[in-house]
Amino acid sequence: METNKMTTDTLTERLQRECYPAPDNPWFTQRVLNRLPARDRSRRWIVPLLVAAALLACAACWGFVFRNMCITVITVREVIQVAIMLIATAVVLWQSVVTIVHAD
Amino acid sequence: MKKFDELKLIARCVLTDDREAFGQLVEAYQPQVRRFLMNLTCGDASLTDDLAQETFIKAYLNVRNFKGLATFKTWLYRIAYNEFYSEVRRRHEVASLEIDDTPLTPIDNSAETCDVKLTVQAAIAQLNDVERVVVTLRHIEEQPIKKIADIMQLPENTVKSHLHRARGRLQQLLGS
């Protein structure tokens, strides 16, 4: 079947080289977007709800971390927990800003 | 486009009707969809763009039905194939579909290149609709048999059978 495989590969190569190419059309995407129906405004509440839920969850996690933290003695585990929480908070805040900016 | 980025854009479309996200999806996939349709329509650029626009509009309207089991590209190919077939059925209802194998305007003016391009493009035009779809998906869009079967909603063995027949015809027509 080696011969068949070579013939198939040759055929593929030739078809890809000589087939009809996609015609150049820089306005295609804009035309599609212009033809879309009017925006569905009934889903506008989703973005603020998601952002609020994410921030609440973040605040709850911070509350959990501080509640279990001993102020007099700082352990390595607590340092790691706070570091993870700082990164997670930064990500949540960044995504919230990006989501709100993109929403409308 | 990476699967994760694709899913993020789809999620934005579904949750917030984000047109910018949908625009990015169109921009990413329109060359492949338009090339696929261009080869199915045997070089009809106007019909290709009409069908491609309908494909993306249907994709937008049904994006909530996209389950993520297949890739978004496979899903788009399926919509594009359905649009092409609807058009074929519509034309059959009005008149018999004529395969237009008159020469295309060549991409460059070299007579030699013109002959080579005509031979391949005219050969594709000689295939029937099903064979043309299968050959285009397999050899030009490089889709595996399983995905072709999914796109065309046919059993894999049927796809293999069509492909085998189409390859035989093409090799005869191209003189390979």
Side-chain angles (χ1 to χ4, degrees), chain A residues 1-55 57 91-104, chain B residues 12 14-28 30-46 48-49 52-57 59-61 104 107 113 116-121 123-125 135-136 138-142 163 166-167 170-171 174 176:
Chain A
M1 294 302 134
E2 191 56 40
T3 311
N4 282 344
K5 189 179 188 311
M6 285 168 60
T7 309
T8 304
D9 288 345
T10 309
L11 182 63
T12 298
E13 195 192 300
R14 188 167 175 187
L15 286 177
Q16 287 184 355
R17 196 172 60 237
E18 298 164 17
C19 67
Y20 293 102
D24 196 29
N25 189 344
W27 299 107
F28 180 82
T29 301
Q30 193 52 53
R31 281 208 186 111
V32 169
L33 294 177
N34 289 346
R35 287 186 58 188
L36 295 180
R39 290 191 70 169
D40 181 2
R41 297 287 175 192
S42 65
R43 285 182 275 172
R44 290 188 81 176
W45 55 272
I46 292 179
V47 169
L49 184 69
L50 285 175
V51 169
L55 292 173
V91 168
V92 166
L93 284 173
W94 171 250
Q95 280 298 313
S96 300
V97 167
V98 166
T99 305
I100 289 167
V101 164
H102 280 294
D104 229 55
Chain B
R12 278 166 59 184
V14 171
L15 289 174
T16 62
D17 195 12
D18 187 338
R19 300 293 167 100
E20 196 198 319
F22 187 70
Q24 287 183 49
L25 287 168
V26 174
E27 202 53 38
Q30 57 99 348
Q32 294 102 311
V33 170
R34 288 168 65 239
R35 183 182 57 208
F36 171 57
L37 288 167
M38 190 71 171
N39 283 283
L40 295 193
T41 60
C42 301
D44 188 337
S46 166
T48 292
D49 273 355
Q53 282 188 33
E54 288 301 321
T55 297
F56 283 105
I57 289 166
Y60 171 82
L61 294 172
L104 277 182
I107 287 167
T113 314
V116 169
K117 285 200 184 301
L118 281 175
T119 304
V120 167
Q121 291 169 355
I124 291 174
V135 159
T136 304
R138 185 76 187 99
H139 290 286
I140 298 173
E141 305 300 326
E142 294 187 289
L163 189 58
R167 275 178 186 154
L170 273 178
Q171 282 167 358
L174 296 173
S176 305

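Sequence lines set the chain letters: A, B, ... in the order given, protein chains first and strands last, and positions in each chain run from 1.
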**OP:** Take A:Arg14 and B:Thr119 through the side chain to side chain contact (heavy atoms under 4.5 Å, CB included) test and state the conclusion after the steps.
**Re:** CA-CA 11 Å; A:Arg14 188 167 175 187; B:Thr119 304; 4.2 Å; yes
Worksheet entry | Part of A:Asn34 lying under 4.5 Å from any heavy atom of chain B |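 It is neither, since no heavy atom gets under 4.5 Å.
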Say you draw a straight line from [atom1] of [X] to [atom2] of [Y]; how long is it, rounded to the nearest 0.5 Å?
X        : Y       : atom1 : atom2 : result
B:Leu174 : A:Leu15 : CG    : CG    : 7.0 Å
B:Asp49  : A:Asn25 : CG    : CG    : 4.5 Å
A:Leu33  : B:Glu20 : CG    : CD    : 10.0 Å
B:Leu40  : A:Tyr20 : CG    : OH    : 11.5 Å
B:Ile124 : A:Glu18 : CD1   : CD    : 9.5 Å
A:Thr29  : B:Glu27 : OG1   : CD    : 3.5 Å

Tell me, with the steps shown, if A:Val32 and B:Tyr60 meet side chain to side chain contact (heavy atoms under 4.5 Å, CB included). CA-CA 10 Å; A:Val32 169; B:Tyr60 171 82; over 6 Å; no
- Message: Need one label for B:Leu37: side chain, backbone, both or neither, based on atoms under 4.5 Å from any heavy atom in chain A.
- Response: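 No part of it gets close to chain A.
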- Query: Which atoms of B:Ala21 come close to chain A, meaning under 4.5 Å heavy atom to heavy atom: side chain ones, backbone ones, both, or neither?
  - Reply: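 For B:Ala21, there is no contact with chain A at all, as no heavy atom is under 4.5 Å.
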Any side-chain heavy-atom pair of B:Arg34 and A:Pro23 under 4.5 Å: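 Counting from C-beta outward, B:Arg34 and A:Pro23 do come under 4.5 Å.
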Evaluate the side-chain proximity of B:His139 to A:Thr8: yes if any heavy-atom separation is below 4.5 Å, no if none is.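 With C-beta onward as the side chain, the pair touches.
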Exercise. Can you tell me if B:Gln53 and A:Arg35 form a side-chain donor-acceptor pair at under 3.5 Å?
Worked result: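 A donor-acceptor contact under 3.5 Å links the two side chains.
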Shortest non-hydrogen contact between [X] and [Y], atoms and distance:
X        : Y       : value
B:Asn39  : A:Cys19 : OD1-CB, 3.3 Å
B:Arg35  : A:Ala22 : N-CB, 3.7 Å
B:Ile140 : A:Gln16 : O-NE2, 3.6 Å

